[in-house]
2 protein chains.
Amino acid sequence: MGVTDPPAHTIESCMHVSDVLARVGSKWSILVIAKLGQGPQRFNALKREITGISQRMLTLTVRGLERDGLILRTATPSIPPRVDYALTDLGRSLLEPVQALGEWAIAHRAVVEAARHTFDAQHRDAGSHD
Amino acid sequence: MGVTDPPAHTIESCMHVSDVLARVGSKWSILVIAKLGQGPQRFNALKREITGISQRMLTLTVRGLERDGLILRTATPSIPPRVDYALTDLGRSLLEPVQALGEWAIAHRAVVEAARHTFDAQHRDAGSHD
DNA sequence: CTGCATCCGCTACGATACTG
DNA sequence: CAGTATCGTAGCGGATGCAG
């Protein structure tokens, strides 16, 4: 097709970025990736480590991650069944930019919180009197 | 404060990262940030450029971004009213890691799609036939 | 131990209409 | 032109029970 290779990043490209960020943006996803970044983990190990996650969410999260080829699911057909999850090479490569964003988050966390506080304060009495 | 850079990334740190990624992960957010990265834009201009976004979502997105100090809202009290949105310094600093992640998305887009296809194919007849 | 299906509630999202 | 309020929908997310 007549591909109109754009000189810069198009909205279309941003769409794909949105898609990835939507997946990575799911709070549980990066927690799983971060945990798996420390080495392969079993299902219950992940559930135990990631406080607050439900079994359903963990299942859906790992399946989504596996579907995207970010993690590898290794099921051992034994009794009791053992399932290990590990980052793939693709997942590890994703870990880098994610960590970069993570460092930004940590570095500017205070600024963002302050901005929120300021915004909140300005909107508490916006249009109101004392 | 005692910045004793932690030995590794803790779960708690990841929580904050999740928070930021949750905001950035909202597909509309990065589109707005990307658009604003090209220069200040008016409300309708953003709505026109970002195809598919509703007025409600744009308002909410822009307000959330402003609340976090990522963008600056400049309202001109005239008839008709004119409101310009522009990236703050904080927003521009966020643009860097986001673009890094964006390049990852573009670079590995095909791989992810292939992984999805493979996963989908394997699960279409998983457990079926011999 | 792991995974899935169901029920149920909640919040996020989209379209419309109205105000300034 | 910019923004808000309301309504309706739909997908997300949590708890439970069951199956391999």
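Naming: A, B, ... by sequence-line order, numbering from 1 per chain. Values in this document were obtained by computation on a predicted structure and should not be read as measured data.
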Exercise for the section: Examine D:dG3: is either OP1 or OP2 under 4.0 Å from a nitrogen or oxygen in the side chain of B:Tyr85? Give yes or no. Expected result: yes
Handout entry: B:Ser26 side chain vs B:Ser29 backbone, donor-acceptor pair below 3.5 Å
Key = no
Handout entry: Divergence of helical axes at both termini of the helix from C:dC1-D:dG20 to C:dG20-D:dC1 - five pairs an end, 10° steps
Key = 40°
Fill in the blank from the handout: Quick note, B:Arg73 side chain, CB onward, closest among D:dG3, C:dA15, D:dC1 is D:dG3
Exercise for the section: In whole angstrom, give the distance that lies between atom NZ of B:Lys47 and atom P of C:dT16. Expected result: 12 Å
Fill in the blank from the handout: Picking from D:dG3, D:dC1, C:dC4, the nucleotide nearest the side-chain atoms of B:Pro80 would be D:dC1
Exercise for the section: Starting at atom CZ of A:Arg23, determine the distance to atom C1' of D:dG11, rounded to an integer number of angstrom. Expected result: 15 Å
Handout entry: Whole-Å gap separating C1' (D:dA2) and CD (B:Gln41)
Key = 16 Å
Exercise for the section: Would you indicate, yes or no, if C:dT2 has its OP1 or OP2 atom less than 4.0 angstrom from a side-chain nitrogen or oxygen of A:Arg42? Expected result: yes
Handout entry: Given C:dG14, D:dC1, D:dG13, the nucleotide with the shortest approach to the side chain of B:Arg56
Key = C:dG14
Problem - Separation of C:dT2 C1' from A:Arg48 CZ (nearest whole Å) - result: 13 Å
Handout entry: Backbone N/O of A:Asp84 and side chain of A:Arg73: donor-acceptor pair under 3.5 Å
Key = no
Practice task
Identify whether B:Ile30 and B:Ile53 are in the same connected component of the hydrophobic contact network (ILVMFWY, side-chain heavy atoms under 4.5 Å).
Solution key: yes
Handout entry: N/O donor-acceptor pair under 3.5 Å between A:Ser78 side chain and A:Pro81 backbone
Key = no
Practice task
Would you mind reading off the distance between B:Asp84 atom CG and D:dA2 atom P, rounded to a whole angstrom?
Solution key: 8 Å
Completion exercise
Testing C:dC1, D:dG3, C:dC4 for proximity to the side chain of A:Thr59, the answer is C:dC4
Completion exercise
Across all chains, not counting sequence neighbours, the side-chain contact (heavy atoms from CB on, under 4.5 Å) partners of A:Arg116 are A:Val112, B:Asp19, B:Arg23, B:Arg67, B:Asp68
Handout entry: Test item: B:Thr76 side-chain N/O and B:Val83 main-chain N/O as donor-acceptor pair under 3.5 Å
Key = no
Fill in the blank from the handout: A:Met57 atom CE is separated from D:dG14 atom C1', nearest whole Å, by 8 Å
Problem - Whole-Å distance separating the CD atom of B:Gln55 from the C1' atom of C:dC13 - result: 15 Å
Handout entry: Given DNA chain D, 5'-ward residue of the pair A:Pro81 and A:Trp28, judged by closest heavy atom
Key = A:Trp28
Problem - Closest to side chain of A:Phe43, choosing from C:dG3, D:dG14, C:dG20 - result: C:dG3
Exercise for the section: Enter the distance from A:Leu70:CG to A:Asp89:CG here, rounded to the nearest 0.5 Å. Expected result: 11.0 Å
Fill in the blank from the handout: B:Lys27 atom NZ is separated from D:dC12 atom C1', nearest whole Å, by 13 Å
